[in-house]
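Have a look at the structure below, then the notes.
Lettering follows sequence order; numbering is per chain, from 1.
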2 protein chains.
Amino acid sequence: MRLTMAGEYAVRAILYLSHKGQGVLTSRKEISEHCDVPSQFLAKIAQQLAKSGFIEILQGKSGGYILVKQPQDISLLDVIESVTGEITLNQCVVRPESCKMSGECTVHEIWVEARRKLRSTLKQATFEKLMEKKVCTTIKDNSDNV
Amino acid sequence: MRLTMAGEYAVRAILYLSHKGQGVLTSRKEISEHCDVPSQFLAKIAQQLAKSGFIEILQGKSGGYILVKQPQDISLLDVIESVTGEITLNQCVVRPESCKMSGECTVHEIWVEARRKLRSTLKQATFEKLMEKKVCTTIKDNSDNV
DNA sequence: TATTTATTAGACTAAAAAGGTCTTTTTAAT
DNA sequence: ATTAAAAAGACCTTTTTAGTCTAATAAATA
Ligand code: SF4
Ligand code: SF4
């Protein structure tokens, strides 16, 4: 029961872009190096983030990524579910028809509630709040970092 | 981010045994059929449940499983983590050394908190509480069930 | 305009995890 | 001794994860 690397990397990238500010162009290479994310893998993840409308991708020489939403309008939940799919905890929560007991199952109800709480916690964590401390801007040891 | 089938099956089995009551011997076949769990797979899961001290396994003809703990002393969390390992949500939560930012990462703190809440919810759900409705005793349509 | 450098899109791959099954051995009731 | 149930562990298939590679495209610049 854990987040995938793709999800973790997506969060790092969006947080890095949040620090840069909305509308600022940042190269994939820069994000990749500072956030310790494999560059090509980031390219795949970025495509999904673009589809979901978090970033815009600029092609060509001196291309890169631009945050299009405001950090306060993006939550941890949004980013994670964008790349890993909905957090379900148990399949019967989103597909009650997958288990014939779901209608009268107390365990089912626990899962529904646990999922609601978890998603709520992650939904309340906006990237504006997450920026309070500097994070992922110096994942690599850049002692000469400005 | 979801429970494995092994985890789900373990919960069904323990709940079934809870309905039978502590100390009552039940064959693997019976649990397997009523809870819709592959019999051989249940055998593997049961071994782990026995190691963790939830059940006792009786071998030989007319062998089976016996719940050794009281339902009120077993939580959903206990059973799930017994077969799937600790719920971590993000690896940095249990292994802060896996990411050098963990010490000053706001995202890390969200994960720690989210995990604490999730585990708490599952810890509070004891099998005594879960027995309130009849569950998993009739997963298969046994209209002639006593 | 040609070159260079950046990204895209999708095929491809290796490794791990999930979800079981099969076989042999052991155990205990009859 | 026979029979039926579980143990233990090897084995297997499929899915997911975590990427990489390559060809095509796009844009800045020499
Ligand atoms: S038994 Fe209950 S918790 Fe398990 S899959 Fe069915 S409805 Fe969900
Ligand atoms: S960046 Fe933060 S949340 Fe992500 S792995 Fe590191 S400490 Fe954990």
Review point. Under 4.0 Å between a side-chain N/O of B/Tyr9 and OP1 or OP2 of C/dG20, yes or no?
Key: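 Result: yes.
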Using atom [atom1] of [X] as one end and atom [atom2] of [N] as the other, report the distance to the nearest whole Å.
X       : N      : atom1 : atom2 : result
A/Glu30 : C/dA6  : CD    : P     : 12 Å
A/Gln48 : D/dT17 : CD    : C1'   : 16 Å
B/Ile45 : C/dA18 : CD1   : P     : 12 Å
B/Gln91 : D/dT17 : CD    : P     : 14 Å
B/Glu8  : C/dG19 : CD    : P     : 11 Å
A/Lys51 : C/dT8  : NZ    : C1'   : 11 Å
A/Leu42 : D/dG19 : CG    : P     : 12 Å
B/Ile66 : C/dA28 : CD1   : P     : 12 Å

[X]: salt bridge (Lys or Arg N to Asp or Glu O under 4.0 Å) partners, not counting sequence neighbours:
X        : answer
A/Lys117 : none
B/Glu86  : B/Arg115
A/Arg116 : A/Glu113
A/Arg2   : none

Exercise for review: Report the residue (B/Met1 or B/Gln47) whose heavy-atom-nearest nucleotide on DNA chain D is the more 5′ of the two.
Suggested key: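 Nearer the 5' end of the strand: B/Gln47.
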Review point. If each of A/Leu3 and B/Thr26 is mapped to the nucleotide of DNA chain D with the nearest heavy atom, which maps nearer the 5' terminus, i.e. the 5' end?
Key: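 Looking at DNA chain D, the more 5' nearest nucleotide goes with B/Thr26.
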Which pairs of donor and acceptor atoms, one on a side chain in residues 60-69 of chain A, lie under 3.5 Å apart (sequence neighbours left out)?
from	atom 1	to	atom 2	distance (Å)
A/Tyr65	OH	A/Arg28	NE	3.3

Practice item. Dump the intermediate steps for side-chain hydrogen bond (donor to acceptor under 3.5 Å, both in side chains) on A/Ser120 and A/Gln124, then the final yes or no. Key: CA-CA 6 Å; A/Ser120 166; A/Gln124 279 163 45; 3.0 Å; yes
**Study point:** 5' priority, DNA chain C, between A/Arg2 and A/Leu58 [closest heavy atom]
**Key:**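 The residue whose closest nucleotide sits nearer the 5' end is A/Leu58.
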Revision key, fill the gap. Per-nucleotide protein contact along nucleotides 20-30 of chain D, 5' to 3', at a 4.0 Å heavy-atom cut-off (B base, S sugar-phosphate only, - neither), is BBB--BBBB--
Check your understanding: Is the backbone of B/Asp78 close enough, under 3.5 Å, to the side chain of B/Ser75 for a donor and an acceptor to pair up by distance?
Key ->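 Flag set: sc B/Ser75 to bb B/Asp78 pair under 3.5 Å.
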